There are 2 protein chains.
Amino acid sequence: MNSMTAARSTSPADRPQLGLRERKKIKTREAIRDATYALIKEQGYDATTIDQIAERAEVSPSTVFRYFPTKEDIVLTDEYDPILMEELRARPADEPWPQTVRHVMREAVRTGIEEDPEVARIRTRLLVDVPAVRSRMMESMSVTGRMFATAISERTGLDPDSLEVRVYTMSLIGGLMETSMFWAEHGHRGDFPDLLDRALDILQNGLPVQNR
Amino acid sequence: MNSMTAARSTSPADRPQLGLRERKKIKTREAIRDATYALIKEQGYDATTIDQIAERAEVSPSTVFRYFPTKEDIVLTDEYDPILMEELRARPADEPWPQTVRHVMREAVRTGIEEDPEVARIRTRLLVDVPAVRSRMMESMSVTGRMFATAISERTGLDPDSLEVRVYTMSLIGGLMETSMFWAEHGHRGDFPDLLDRALDILQNGLPVQNR
DNA sequence: CCATGAAATGAGAGTAGCTCTCAAAAGATG
DNA sequence: CATCTTTTGAGAGCTACTCTCATTTCATGG
């Protein structure tokens, strides 16, 4: 889901029959990411330059850009979308859609946080503190949004490119984003999945006021 | 509303008692903006550099940055938020909230397009074509979102900083954004306000499916 | 009308993200 | 082991953006 809920790198163990080349690539990716997180923790995001990251990861700056198109991507990129999609398809076809969304998002977020709570927290903090990261996140989120649109289309037969479906998925994405920020702004207190539930309630039922 | 619906510059006539200094500042602002739009129309956004803009506007590059913090802002900035806020407050206090939103947004968008249809179209196109502009727009939109949150709070007594209100306003903003992009992607065909109505329907009632 | 203070401007140097090119190094393959 | 392919590093180059400082331009009170 391209989000604060990263699928962390597959552990070294479960890469058996990969060639040396592939294994090195994975290691480089991890080295860059780890270096970045470490430096950010020490000096903050803006003060951390690509050159520093390259140096600590023991690669050249060119290589950093070869692995990640932008600095923000180092912090944001994950490979969650396919997993999310899979889980989406695994739900019974006759399950009411809102319930599916709830389940899938909740599950994704929960898994992500469990994988590496530290990273989840740093990410959401960056989301709040660094506008560039926030923006980039939005972009990558909209990719996830397209995926949701596809899933909705498969379920309901609605046109995934229609204004209706697009607005709907956008609101989901936006809600998830806002919830992440809310969580971070409040010192990561409370259970994220619970917050998500509240957010989805709003999206489903509107604000809790008399004259809605 | 910090959006594709700019309040265009006040016409030279209605700036009576301003000092020469202030009048010059306004003129410079306009010169920069006009130069930018012209250049973008000729060569596209990315190909247009700050130096070119400065040259055509007959100011120094430093001055460009003195007036606009980023290149994207030259294209996006407007002074619509206060107007929107005013219109928001002008609505009867007992009007159902969704109706207020509908009216206010519709009105704002309509006015914006009428002011300068050309600019409205260029902006929405940039929104689709240039990720950086899209991101920046989202940022400025969230400011508008805070404004809505304040208005909602005044109306309903809900905490503007609560997760609920934030998620709700975010979905409004996102919907508006998505609608703008939809409009541009479809060659600006159809009536924008009508599209907005459809978008708001979705946000209010969810997707038009059986099992929602 | 001019002198003094304040604000706006221009010139220029500097930083950092990002792109591109090309030659060297390292893994894959028969 | 030789050859082919992929990955890497070095470095030049572009552009958005920041900062500083001297110069110009407007405002104001005498």
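Proteins get letters first, then strands, A, B, ... in listed order; numbering begins at 1 in each. It should be emphasised that the depicted structure is a prediction, and the values quoted were computed from it without experimental measurement.
Using bins of under 30°, 30° to 60° and over 60° for the plane-to-plane angle, the ring pair A:Tyr168/A:Trp97 lands in the tilted bin.
Taking side-chain N and O atoms only, B:Lys25 has a distance below 4.0 Å to OP1 or OP2 of C:dA8. Dashed line: the shortest gap from a side-chain N or O of B:Lys24 to OP1 or OP2 of D:dC26 is under 4.0 Å. For B:Lys71 and D:dT15, the shortest distance from a side-chain N or O to OP1 or OP2 is not below 4.0 Å. Distances shown here put a side-chain N or O of A:Tyr67 below 4.0 Å from the OP1 or OP2 atom of D:dT8.
For DNA chain D, the residues of residues 48-64 of chain B within the heavy-atom distance limit of 4.0 Å (strictly under) are B:Thr48, B:Thr49, B:Ile50, sorted by number.
Between B:Arg136 atom CZ and D:dA16 atom C1' the separation is 14 Å, expressed in whole Å. To the nearest angstrom, C1' of D:dT7 lies 16 Å from CG of A:Leu18. When rounded to the nearest whole Å, the span between CD of A:Glu72 and P of C:dA16 equals 15 Å. C:dA6 atom C1' lies 15 Å from atom CG of B:Leu20, rounded to whole Å. Taking atom CG of residue A:Asp46 and atom C1' of nucleotide D:dC17, one finds them 13 Å apart after rounding to whole Å. Rounded to whole angstrom, the span from the CD atom of A:Glu22 across to the P atom of D:dT5 amounts to 17 Å. When rounded to the nearest whole Å, the span between CZ of A:Phe65 and C1' of D:dA12 equals 15 Å. Distance, B:Leu39 CG to D:dT15 C1': 15 Å, rounded to whole Å.
The closest side-chain heavy-atom distance from A:Arg155 to A:Ile152 is not below 4.5 Å.
Atom CD of B:Glu114 is surrounded by more than 12 heavy atoms from other residues, nucleotides or ligands within 6.0 Å. Taking a 6.0 Å sphere around CD of A:Glu58, one finds it holds 12 or fewer heavy atoms contributed by other residues, nucleotides or ligands.
Closest of all the heavy-atom pairs between B:Lys71 and B:Asp46 is NZ-O, 3.9 Å.
The base of D:dT25 lies close enough to the side chain of B:Arg21 for a donor and an acceptor atom to sit less than 3.5 Å apart. Side chain A:Arg23 to base C:dG27: no donor-acceptor pair is found below 3.5 Å.
The closest side-chain donor-acceptor pair between B:Arg125 and B:Tyr45, if any, does not fall under 3.5 angstrom. A:Ser60 and A:Thr63 are linked by a side-chain donor-acceptor pair at a separation below 3.5 angstrom, with hydrogens and angles left out of the test.
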